[in-house]
2 protein chains.
Amino acid sequence: MDHQRSRLRLIDVAKEAGVSIATASRALSGAAGVSEDITQRVRAVAGKLGYVANVHARSLAGGASSSVGLLVHEIGDPYFAEIASGVLRLGAQQGLTVQICHTGRDPDNELTQIRALIANRVRAIIIAGSGFVDAGMQVAAKEELRAFEASGGRVTVIGRHHLGADAVLPDNVAGGRSVTEHLLALGHRRIAFAAGSLALTTVADRLSGAAEALGAAGLSIAELPVVDVAFTREGGKVATERILHEFPDVTAILALNDDMAIGALSVLRAQGIAVPEEISVAGFDDVAVAEDLSPSLTTVRLPMAELGERALSLALKPPSARPRRRATGHVLVARDSTGPPRC
Amino acid sequence: MDHQRSRLRLIDVAKEAGVSIATASRALSGAAGVSEDITQRVRAVAGKLGYVANVHARSLAGGASSSVGLLVHEIGDPYFAEIASGVLRLGAQQGLTVQICHTGRDPDNELTQIRALIANRVRAIIIAGSGFVDAGMQVAAKEELRAFEASGGRVTVIGRHHLGADAVLPDNVAGGRSVTEHLLALGHRRIAFAAGSLALTTVADRLSGAAEALGAAGLSIAELPVVDVAFTREGGKVATERILHEFPDVTAILALNDDMAIGALSVLRAQGIAVPEEISVAGFDDVAVAEDLSPSLTTVRLPMAELGERALSLALKPPSARPRRRATGHVLVARDSTGPPRC
DNA sequence: GTGAAAGCGCTAACAT
DNA sequence: ATGTTAGCGCTTTCAC
């Protein structure tokens, strides 16, 4: 490979501007100690020539890295796609390139991706996927990230992790409480939960919010069906079938993300069960399509793109002594998929 | 920034393995001319130490770049998210990092992103967004990409562009024909088209496939309403409202992507118009949610993730004298949103 | 304020 | 088969 040969180098700009390569470098990077005059001239020349610095040379020479890494479970999942969108938007604005990697919610794979990002000398790593309830799942990653931070890298996570990094926290507990209160207020008592894997902090937190709301109403989640399946549309379908079969008296299903809720609606429609007349369904996240489903989905809106932007903006700040935690809000969006119970 | 200092270098591995830095380099990169024995030893040491090469040093020194760039309109759009998923999957498998950029369908912005990717010395650039019917829109990008290729970079596009690069071609024309034939076979004659911007080759091609099918049935698209709006859900809503108002005798709406179709269904539901009894709706792409809509959406399935994988795999091949063109197929997925016309 | 020169960590000739 | 060394293009001391 010789992608770099024959392209414009800093020395070309320096010559054209009639200055040394050092001065040209300073002028372009906005370092102090260059006359305003020369700075302008160099920049004009660079612009005219269409010069763009070789990122690798810059980074190798000890300049600031201009790229950040984003780890998602799966970019095809709208939740992560929207987070990525926020990261990309702010990244472009800041002149950063964003490398995105899949983890597939597999800690081993996550570790591999983290290593690759570190080898790429990214300035920061943003971990968007849910944490694991069991801190042990990510000890290796934690160690690697610690070393990365020690050598000047930044790490931020979205969600509750045991990684000791700056975090942007989706309002999972309060959101779970809100949507459960909504169901309770409608009169539901026999509520079933279509939960993604309970090993994920996201699932655990949403469920714990639900438990709080139930507790406040004198109910106990321990007496209600919590079906632990995959955190996907397919999981939502499986959970719903199981709920219909094993707990026929249920009047509402709370899916712990919209994808699962979509799966639930799909099964209910296939079985000719009216929503919300016979069974109410609620989701979580408010992905774009939620409002256009039929019936439109009652759900908890999380500001996904904002989560991404805030995670990146945290990553761009210098580190603090203690990990920062940025809480975000949620909005309960009551639509047509929930209503009073049938009896 | 000093992310790199203090991390393991190649020389540390070489010392530990008792070989020269050159031998270590060769052993790790799998170059020929190293005894099997030493190769194993070096790799073992590297593994034990957790050594990962500095990508910037490697790339600067003229080694193969390990990253590729992917340009999408907007990663939050499921069509692009699925393409990205395919690219990421194959990329991870090949040990490549993938940088994703938004273009927002703005040629200027696209040019900026291309320059950034080139500055990052990516091995290849994949352009996933639709091309423009007017070749003039992208002359600057074309020039830049030409220079990139001349210096060893690879470029592939998804869709019909005027960029002279290797291309993976979604089956837009034939898909447009298939879905239109489906509507005609059901008995529809007054079909309206909710088209995204006609400046996009994707839209133009889908529409031209539709025109072919109409022509074969003795009809002319020139006499049918083609509403030219944004290629988005919102555009689908606007188009549908306009169609209902201005062309009340229409019996079917063909939206040129699923997002627009979702917008169309949403408006029809809001206005109490039964689908497909009063108006049939069809889309294009078959995004994941299409089958779970109500009614489930008749659409043209495009293998999006495969599009992404094939684009990357083309980009990884050496260039050919003439641009390659890889056709892909489509599948008409007839679901519940289309049926015979009301009268 | 500006220039000269020493690396950053690696690969690829070029020696041996 | 292995070692030595000259850069890759940039930033950053260190002189001036």
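Atoms considered below: every heavy atom in the structure, side chains included; atoms not considered: hydrogens, waters and symmetry mates. Chain letters run A, B, ... following the sequence lines, proteins first and then strands; every chain starts at 1. Please read these numbers as outputs of a predicted model, since none were measured by experiment.
Rounded to an integer number of Å, the gap from B/R58 CZ to C/dC8 C1' is 16 Å. Separating the CG atom of B/L10 from the C1' atom of C/dC8 is a distance of 14 Å, rounded to the nearest angstrom. Rounded to whole Å, atom C1' of D/dC10 lies 11 Å from atom CZ of B/R121. The distance between atom CG of A/N120 and atom P of C/dC10, rounded to the nearest whole Å, is 13 Å. Atom CG of B/N54 and atom C1' of C/dT11 are 13 Å apart (whole Å). Between the NE2 atom of B/H56 and the P atom of D/dC10 there is a distance of 13 Å, rounded to whole Å. A straight line from CD1 of B/I11 to P of D/dG3 spans 12 Å, rounded to a whole angstrom. When the P atom of D/dG7 is taken as reference, atom CZ of A/R9 falls 13 Å away, rounded to whole Å.
Ion pairing between B/R146 and B/E149 holds under the 4.0 Å rule for side-chain N and carboxylate O. We find that B/D12 and B/K15 are not joined by a salt bridge, their nearest charged nitrogen and carboxylate oxygen being 4.0 Å or further apart.
Less than 4.0 Å separates DNA chain C from at least one heavy atom of each of the following residues of residues 14-41 of chain A: A/V19, A/S20, A/A22, A/T23, A/R26, A/G33, A/V34, A/S35, A/I38.
In terms of heavy-atom proximity, A/A141 sits nearest to A/I114 at CB-CD1, 3.8 Å.
Residue pairs satisfying the salt bridge (Lys or Arg N to Asp or Glu O under 4.0 Å) criterion with at least one member in residues 68-96 of chain A, sequence neighbours excluded, are listed as follows: A/R89-A/E309.
Between B/H73 and B/F80, the ring-plane angle classifies as perpendicular under the 30° and 60° cut-offs.
Side chain of A/R9 to main chain of A/N54: no donor-acceptor pair is present (N/O by atom type, distance under 3.5 Å, no hydrogens or angles).
Checking the phosphate oxygens (OP1, OP2) of D/dC10, a side-chain nitrogen or oxygen of A/Y51 falls inside 4.0 Å.
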